[in-house]
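The chains referred to below are lettered A, B, ... by the order of the sequence lines, with proteins before strands, and numbering in each begins at 1. Note that this is a predicted model, so its numbers are computed, not measured.
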There are 2 protein chains.
Amino acid sequence: MTETTLRDRDARILGAVVDEFVQTAEPVGSRNLVKKYRLEISPATVRNVMADLEEMGFLYQPHTSAGRQPTDQGYRYYVDHLLPGPSLPSGQRRRLRQGIRDADLDALETLLEATSRVLSRVAHQVGLVVAPRIEVRVFRHVDLVLLRPGRVLVILVTRSGVVHHRVVEAPEVRSQAELEKMTNYLNGLLEGVPLVAVRERILAEMENERVQYDRLLRQALELGSQAVGGDEGGGQVYVGEPLRILEQPEFQDVEKMRQLFEAFERKGILLRILDRAVEAPGVQVSIGTENPVADLQGCSVVATAYGRDDRPMGALGVIGPTRMPYGEVIALVEYAARLLGQALERL
Amino acid sequence: MTETTLRDRDARILGAVVDEFVQTAEPVGSRNLVKKYRLEISPATVRNVMADLEEMGFLYQPHTSAGRQPTDQGYRYYVDHLLPGPSLPSGQRRRLRQGIRDADLDALETLLEATSRVLSRVAHQVGLVVAPRIEVRVFRHVDLVLLRPGRVLVILVTRSGVVHHRVVEAPEVRSQAELEKMTNYLNGLLEGVPLVAVRERILAEMENERVQYDRLLRQALELGSQAVGGDEGGGQVYVGEPLRILEQPEFQDVEKMRQLFEAFERKGILLRILDRAVEAPGVQVSIGTENPVADLQGCSVVATAYGRDDRPMGALGVIGPTRMPYGEVIALVEYAARLLGQALERL
DNA sequence: CCTTAGCACTCCGTCCTTGGGAGTGCTAGC
DNA sequence: GCTAGCACTCCCAAGGACGGAGTGCTAAGG
């Protein structure tokens with residue numbers, strides 16, 4: 001990766017090619033470019049420049065004597081150096097605001113899902129939202145329900161109102177009355193503890209003398225520990241209206257579409273990509289082969305963290321073909337993250 | 001719909017055409033048919049019969065001088081009269097059993113999802129499962145959690161271990177302690193009441209003198225009522241691995257596929273189709289235009305109820321192109337329903 | 001040295017034609 | 001009522017011609 005800086009005119013032409021190709025999805029030729037973008041030079045000159053840009057790896061021809069299209073590297077340069085100032089048409093702002101505000105008063109899950117959907121609709125791509133990470137979630141309440149002797153349903157509620165539940169084997173538990181006591185004990189013990197610290201807290205409590213002698217308390221801790229165990233994968237991913245992607249011509253091909261949809265099913269993949277945006281500042285753009293997942297050849301992801309600046313909670317973003325209007329999508333994702341952050345603040 | 005009965009030979013030919021077309025997805029011609037199915041008559045005779053069958057509406061030609069394919073009516077006759085005895089290859093039985101047994105010990109949701117998935121995989125179509133209807137679900141436990149003053153999270157658990165939750169506005173509620181009392185009260189009141197009867201029970205209790213004078217109890221009932229309200233749509237639908245449908249050549253066309261996927265998103269549509277199978281006895285087969293939803297032109301649904309015979313709980317089925325191996329799929333759906341019923345019994 | 005006009009060339013996509021294959025319907029004979 | 005034979009229809013794949021869009025190169029001009 002040599003960090004090239006293009007001369008002004010060359011950059012302008014690269015920018016024009018990207019803009020044009022994003023718009024039309026057809027290879028762009030010199031003549032057309034000059035006309036549409038009022039470049040004050042002749043097509044022949046543009047051709048020379050294009051040949052240079054191709055040599056540098058920013059453009060390529062799908063076949064000889066066709067127009068040029070941007071390579072991943074071309075898009076990269078465009079994103080890094082040529083983006084117009086971030087401005088979002090007020091119509092889109094409004095739609096985003098409305099979509100997120102409408103779900104605002106509801107539970108967290110609804111809010112996140114609504115956000116992913118409205119992102120999809122406004123961007124004409126597919127919106128993604130990762131639920132707040134386990135680290136920022138705080139224990140609020142636990143409830144134990146005896147389904148039948150030896151089998152207990154553990155319900156866990158976080159401060160933001162997210163409900164987790166899981167069935168746990170507990171052969172020694174026989175009555176709901178026992179569970180009631182355990183519930184009270186656990187609730188008292190864990191009130192306000194961050195979920196990540198719950199296990200630790202429980203282990204510490206195990207040392208407590210009182211616990212050593214009380215079978216019930218020991219069991220309660222055991223249950224509590226099992227309840228939070230294995231929940232590390234906490235990052236639920238919401239995929240909004242995946243069918244939107246069919247609006248993009250590159251996915252008229254069934255095989256391509258299928259690959260992408262398979263990625264959608266494997267939430268782990270999406271999580272991996274979006275997670276990088278949680279830590280990093282600003283909006284992250286992964287273009288085509290830049291992103292680590294082979295199945296997502298030809299796709300780009302624009303993502304950013306949401307939450308307070310000093311304390312990112314999760315990430316959201318948009319996935320679509322590499323041929324995407326980066327300026328617009330970046331502004332969109334940025335704004336959506338701000339709105340979602342605000343909504344969570346209120347929640 | 002005139003209820004025609006075909007003469008033996010005609011019926012056999014219709015059956016052969018259906019079998020062959022299901023297998024190859026190509027219009028089938030007379031010559032080929034004779035050879036492959038060892039009909040002891042000449043192609044010319046077969047042609048005559050086919051012409052008759054076409055006139056009766058069982059077959060049609062996509063264009064002159066092409067082979068024949070079954071019409072919806074043709075499939076209907078096949079399903080009603082020509083199905084080979086229901087027998088399921090032991091390999092498929094095993095795969096079904098395994099898929100369902102594996103999820104058996106888990107919570108209900110997991111079980112239902114696993115069932116829809118294994119149906120998809122074994123049938124090479126898309127499996128559908130409707131969660132047990134609200135009528136057969138029984139109240140087990142309720143829990144109220146104060147998220148912040150005036151806003152309460154209501155968690156509802158049914159006997160089978162299904163967890164519902166919802167955020168409810170309750171401006172007067174200010175402390176968790178109040179909620180604790182309400183919780184106990186509601187749990188005592190509703191233990192073992194079928195969900196459909198909960199609201200009724202609550203209304204009856206409202207008349208109770210004790211309640212008239214106790215603000216807390218009134219509020220508790222209010223909350224309980226809101227918690228079950230609007231939950232009529234209880235039938236959650238699980239769609240198993242929709243991408244499987246791409247294995248069928250008819251869905252290589254993006255537009256067709258898109259329509260179907262849109263139907264998958266609108267769970268209401270699927271619910272409507274499957275719900276008919278809950279009441280009806282045996283396996284229901286809706287072929288192409290027979291099913292009430294226009295978007296599902298060209299698709300068939302094979303569905304049946306699961307649960308105890310005298311008390312159906314929900315429905316499951318398979319959706320795919322009209323060109324599907326009905327005999328096999330019917331046997332599959334039947335067996336899956338039995339397995340799921342048994343699994344629920346144990347749960 | 002950079003720019004540009006001109007020109008020959010390349011490649012794609014479309015349209016048309018052609019020929020073979022699969023299948024039918026009809027007729028006449030058994 | 002069944003069947004062999006035959007003429008006919010239609011699709012589909014392959015081949016060829018052609019126009020369009022675009023390029024690269026060369027040579028001339030600033």
Side-chain angles (χ1 to χ4, degrees), chain A residues 6-14 16-71 74 249-250 252-253, chain B residues 6-14 16-71 74 249-250 252-253:
Chain A
L6 296 179
R7 287 171 38 204
D8 186 59
R9 193 184 63 181
D10 297 6
R12 273 188 49 217
I13 289 178
L14 174 57
V17 171
V18 171
D19 287 339
E20 180 66 8
F21 184 69
V22 165
Q23 209 184 314
T24 63
E26 299 288 333
V28 344
S30 53
R31 216 182 115 77
N32 245 311
L33 204 64
V34 170
K35 250 197 294 187
K36 255 197 164 167
Y37 290 77
R38 311 210 176 289
L39 308 175
E40 308 277 280
I41 47 185
S42 78
T45 309
V46 172
R47 280 201 290 281
N48 287 331
V49 174
M50 280 171 145
D52 293 348
L53 288 171
E54 179 162 9
E55 209 173 342
M56 288 186 274
F58 295 119
L59 297 179
Y60 81 101
Q61 296 179 281
H63 54 84
T64 2
S65 89
R68 303 302 208 297
Q69 12 180 307
T71 59
E250 22 273 284
Q252 287 309 94
D253 175 33
Chain B
L6 295 180
R7 287 170 36 202
D8 186 59
R9 194 184 59 181
D10 297 7
R12 272 190 45 220
I13 289 178
L14 174 56
V17 172
V18 172
D19 287 340
E20 180 66 8
F21 184 69
V22 165
Q23 210 186 311
T24 63
E26 299 287 332
V28 344
S30 53
R31 213 182 118 77
N32 244 311
L33 204 64
V34 170
K35 251 196 295 188
K36 256 197 166 167
Y37 290 78
R38 309 212 177 288
L39 307 177
E40 306 278 282
I41 47 185
S42 77
T45 310
V46 172
R47 281 203 289 281
N48 288 332
V49 174
M50 280 172 146
D52 293 348
L53 287 170
E54 179 161 7
E55 210 174 340
M56 289 186 274
F58 294 119
L59 298 179
Y60 81 101
Q61 297 177 281
H63 52 82
T64 0
S65 89
R68 303 300 207 296
Q69 11 180 310
T71 59
E250 21 273 282
Q252 288 307 94
D253 176 33

Rounded to the nearest angstrom, tell me the gap between atom CD1 in B:I13 and atom C1' in D:dG1.
->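 It is 14 Å, rounded to the nearest whole Å.
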
Do the side-chain N or O atoms of B:R9 get closer than 4.0 angstrom to the phosphate oxygens (OP1, OP2) of D:dC2?
-> yes

Phosphate OP1/OP2 of D:dC2: any B:T45 side-chain N/O under 4.0 Å =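 Checking B:T45 against D:dC2: no side-chain N or O falls below 4.0 Å of OP1 or OP2.
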
Inter-axis angle, terminal five-pair segments of the helix from C:dC1-D:dG30 to C:dC30-D:dG1 [nearest 10°] =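 Here the local axes at opposite ends form an angle of 20°.
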
How long is the span from the CZ atom in A:R47 to the CG atom in A:L33, to the nearest 0.5 Å?
->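 Spacing of CZ (A:R47) from CG (A:L33) equals 12.0 Å.
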
Please round to the nearest 0.5 Å and tell me the distance separating atom CZ of A:R12 and atom CG of A:D19.
->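 So the CZ of A:R12 and the CG of A:D19 are separated by 11.5 Å.
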
Side chains of [X] and [Y]: does their closest heavy-atom pair fall under 4.5 Å?
| X | Y | result |
| --- | --- | --- |
| A:E20 | A:N32 | no |
| A:D10 | A:L14 | no |
| A:R68 | A:Y60 | no |
| B:V28 | B:M50 | yes |
| B:L6 | B:F58 | yes |

Check step by step if side chain to side chain contact (heavy atoms under 4.5 Å, CB included) holds for A:I13 and A:I41.
-> CA-CA 11 Å; A:I13 289 178; A:I41 47 185; 4.1 Å; yes

Summarise how protein sits on nucleotides 5-30 of chain D as a single string, 5' to 3': B when a protein heavy atom is under 4.0 Å from the base, S for sugar-phosphate-only contact, - for no contact.
-> B---BBS----------BBB------

